[in-house]
Structures are given as structure tokens and as C-alpha cells.
Amino acid sequence: MIIATWNINSVRLRLDLLQKLFNAQAPDIVCLQETKVQDAHFPIEALKDMGFNHIVYSGEKSYNGVAILSKYEISDSFSLEFYNSDKRHICAKIHDFELHNFYVPAGGDEPDTLINPKYKHKLAYVEAMEQWFASNRLKSDNLILVGDLNIAPLEHDVWSSKQLSNVVSHTPFERTALIKLQNSFDFVDTARKFVDPSQKFYSWWSYRNRDWKKSNRGRKLDHIWVSKPLESRLQNIVLYKEARDWDRPSDHVPYIANIA
DNA sequence: ATGGTTGGCGCCCAA
């Protein structure tokens with residue numbers, strides 16, 4: 001089963017790029033973030049025409065928004081709201097596993113909870129995720145946690161750990177918080193299972209670079225984690241970097257895991 | 001220290 005996660009930065013603007021992703025990678029399930037569309041305007045018919053008959057979504061006007069597109073039946077779904085009414089999570093039960101798709105708050109620019117409420121909100125959000133799993137799920141459950149987590153926890157998840165040490169997405173506080181969430185539930189990071197932590201691995205490159213490939217100042221913000229019982233079913237991963245060179249690309253590229 | 005670019009919406013905010 002091929003599962004993709006992609007921060008698409010407006011689903012309505014990039015329906016053609018979704019079709020290109022489907023043609024090239026044939027995903028069975030696609031988890032989207034930053035759909036930037038309220039539910040009443042979600043392009044459900046266009047996506048069904050592309051072969052995804054089971055679709056769940058939770059969106060709002062202008063900001064945030066998540067969706068799960070599946071070729072397999074979704075037997076149940078729900079959306080968690082950890083902060084105000086931000087649409088940042090959707091969960092689907094498919095086959096024998098439960099798939100959680102998150103869009104963690106970016107956190108603004110200033111890495112100081114006293115002066116930047118967005119950063120405070122981000123840290124509180126990650127804490128709320130951990131609390132929810134601790135209270136509602138077991139380590140023995142078949143869980144898949146994916147999404148734009150907006151945190152690059154390891155040294156080689158960013159182009160320069162030193163230069164980004166005080167930049168939101170790679171501050172020590174965020175890195176610790178995300179690793180704590182991962183470890184508290186024994187989640188396995190699929191990317192680092194296949195690519196050694198000593199190797200650079202990025203899923204996002206800023207728009208604010210003349211040549212993203214040449215400067216290569218990337219960060220690993222997009223994740224697919226699986227709970228321990230699913231680890232032995234991991235087949236391989238694909239980082240679909242070509243997508244960053246498409247016309248009017250997202251600043252994130254699709255990240256894919258194949259799970260038996 | 002600064003500014004670089006994009007999308008949605010509406011003349012600015014968030015990323």
C-alpha cells in the first residue's frame with residue numbers, strides 16, 4: 001500500500017499537479033496539508049474522477065486544512081481540534097490501521113513563547129498530540145502518523161544545524177518536543193529507517209531562493225511515522241523531488257512510504 | 001540584519 005504525504009499549498013490551485021503525482025507514483029492513499037479550502041468548496045468530484053472514491057477532509061477559509069484521499073474504503077474518520085477551531089488534523093481508519101494526518105502550526109518567526117503566541121501555540125500543539133495518543137491509543141495499535149509537522153528534529157534534517165539553531169522549526173525546544181512525541185509512543189520514522197541519520201534528507205525548500213536546487217537549503221518537515229507493530233511491514237520510501245521543479249510547485253515535495 | 005517568494009483574499013496575513 002503506497003501512502004503519500006504532501007503539503008500542497010492550495011489543493012484547488014494544484015489539481016493538475018496531483019494528477020501528475022498519481023500518474024508517476026500511483027499512490028493508494030494521499031494525505032494533504034494546507035488545502036486552504038473550506039469543506040463546502042472542496043474539489044471532491046475532481047478527485048473522485050482521478051480514482052479516489054474515499055475522501056475525508058477538514059478545512060477552513062484561507063488557511064490550514066487537511067484531507068485524506070484513498071482508493072480503499074475508509075471505515076471511520078474524525079478530526080481533532082487542539083487549538084481554537086484550526087483545521088489541522090484528520091484521521092481515517094483504513095483496512096487494519098488508523099491513519100493520522102497532521103498539519104502542525106508553523107510557529108511564526110520569533111522563537112520566544114513570551115513574545116510570539118504562534119510559537120507558544122506550536123509547542124502546545126505538539127504536547128497536545130502526545131497527550132491525546134497517551135490517553136486514547138495503545139503502543140500495540142496499528143498507527144500511522146503523517147504530515148507536515150513543521151519541525152526538523154535531527155542534525156541532518158536541515159542544511160545547517162548550527163545556522164538554524166535559533167530558527168523556528170529547528171530550535172532545541174522543538175526538536176526535543178518532537179523526539180519526545182516520537183519516543184513516547186515508539187513511533188518509527190520511515191525516512192530514517194531507510195536513510196541513515198548521518199545523511200542529509202529534506203522535504204521542503206523555501207520559495208525565497210532563486211535556485212532551490214543549487215542553494216539546497218532544505219529542511220525535513222514532512223514525516224511518515226508508523227507504530228512498532230507496523231515496522232516489519234515497511235517496504236521502501238520515495239522522496240519525490242522532481243515535484244519541486246514542476247510549474248508553480250508547492251514548496252514541499254511529496255514523501256511516500258510503501259507499507260505491506 | 002535583511003530580504004528574498006508564494007497563495008488566498010481583498011488592499012494584508014501566514015508561510
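Hydrogens, waters and symmetry mates are skipped; everything else that's a heavy atom, side chains included, is used. Proteins come first, then strands; the chains are lettered A, B, ... in the order of their sequence lines, and each starts at number 1.
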Can you tell me the distance, in whole Å, between the CD atom of A/Gln33 and the P atom of B/dA15? 14 Å
For B/dA1 versus B/dT5, give the span between their P atoms, rounded off to a whole number of Å. 22 Å
Within this structure, what is the CD-to-P distance between A/Glu60 and B/dG7, rounded to whole angstrom? 19 Å
Output a table of nitrogen or oxygen pairs between the protein and nucleotides 1-3 of chain B separated by less than 3.5 Å.
none

From A/Trp246, A/Tyr255, A/Trp6, residue fulfilling ring pair (Phe, Tyr, Trp, His ring centres under 6.0 Å) relative to A/Tyr240: A/Trp246
Determine the minimum heavy-atom distance between A/Tyr103 and A/Asn7, stating which atoms define it. CE1-ND2, 3.8 Å
What distance, rounded to whole Å, do you find between the two P atoms, one in B/dC9 and one in B/dC13? 16 Å
Here the pair of heavy atoms bringing A/Ala152 nearest to A/His170 is O-ND1, 2.7 Å
Of A/Tyr207 and A/Ala106, whose nearest nucleotide on DNA chain B comes first from the 5' end? A/Tyr207
Under 4.0 Å, heavy atoms only, any strand: does A/Arg217 hit a base, just the sugar-phosphate, or nothing? nothing
Heavy atoms under 4.0 Å is the rule here; annotate nucleotides 8-13 of chain B 5' to 3' with B where the base is hit, S where only the sugar-phosphate is, and - elsewhere. SSS---
Note: for A/Glu34 and A/Asn209 on DNA chain B, the residue whose nearest nucleotide lies more 5' is A/Asn209
Suppose we call two aromatic rings close when their centres sit under 6.0 Å apart. Are A/Phe82 and A/Tyr125 close by that rule? yes
Taking all non-hydrogen atoms of both residues, which atom of A/Tyr202 and which atom of A/Asp157 are closest, and how far apart? CD2-O, 3.8 Å
Expressed as a whole number of Å, how far does the C1' atom of B/dG3 sit from that of B/dA15? 15 Å
Keeping A/Ser77 on the side-chain end and A/Val56 on the backbone end, is there a donor-acceptor pair under 3.5 Å? no
Modelled atom types, side-chain donor and acceptor of A/Asp251 and A/Trp205, under 3.5 Å: no
At what distance, to the nearest 0.5 angstrom, does OG of A/Ser75 lie from CD1 of A/Ile94? 8.0 Å
Distance between the P atoms of B/dA14 and B/dG10, in whole angstroms? 14 Å
Over all heavy atoms of both residues, which pair between A/Ser203 and A/Leu221 is shortest? Give the atoms and the distance, please. OG-N, 3.2 Å
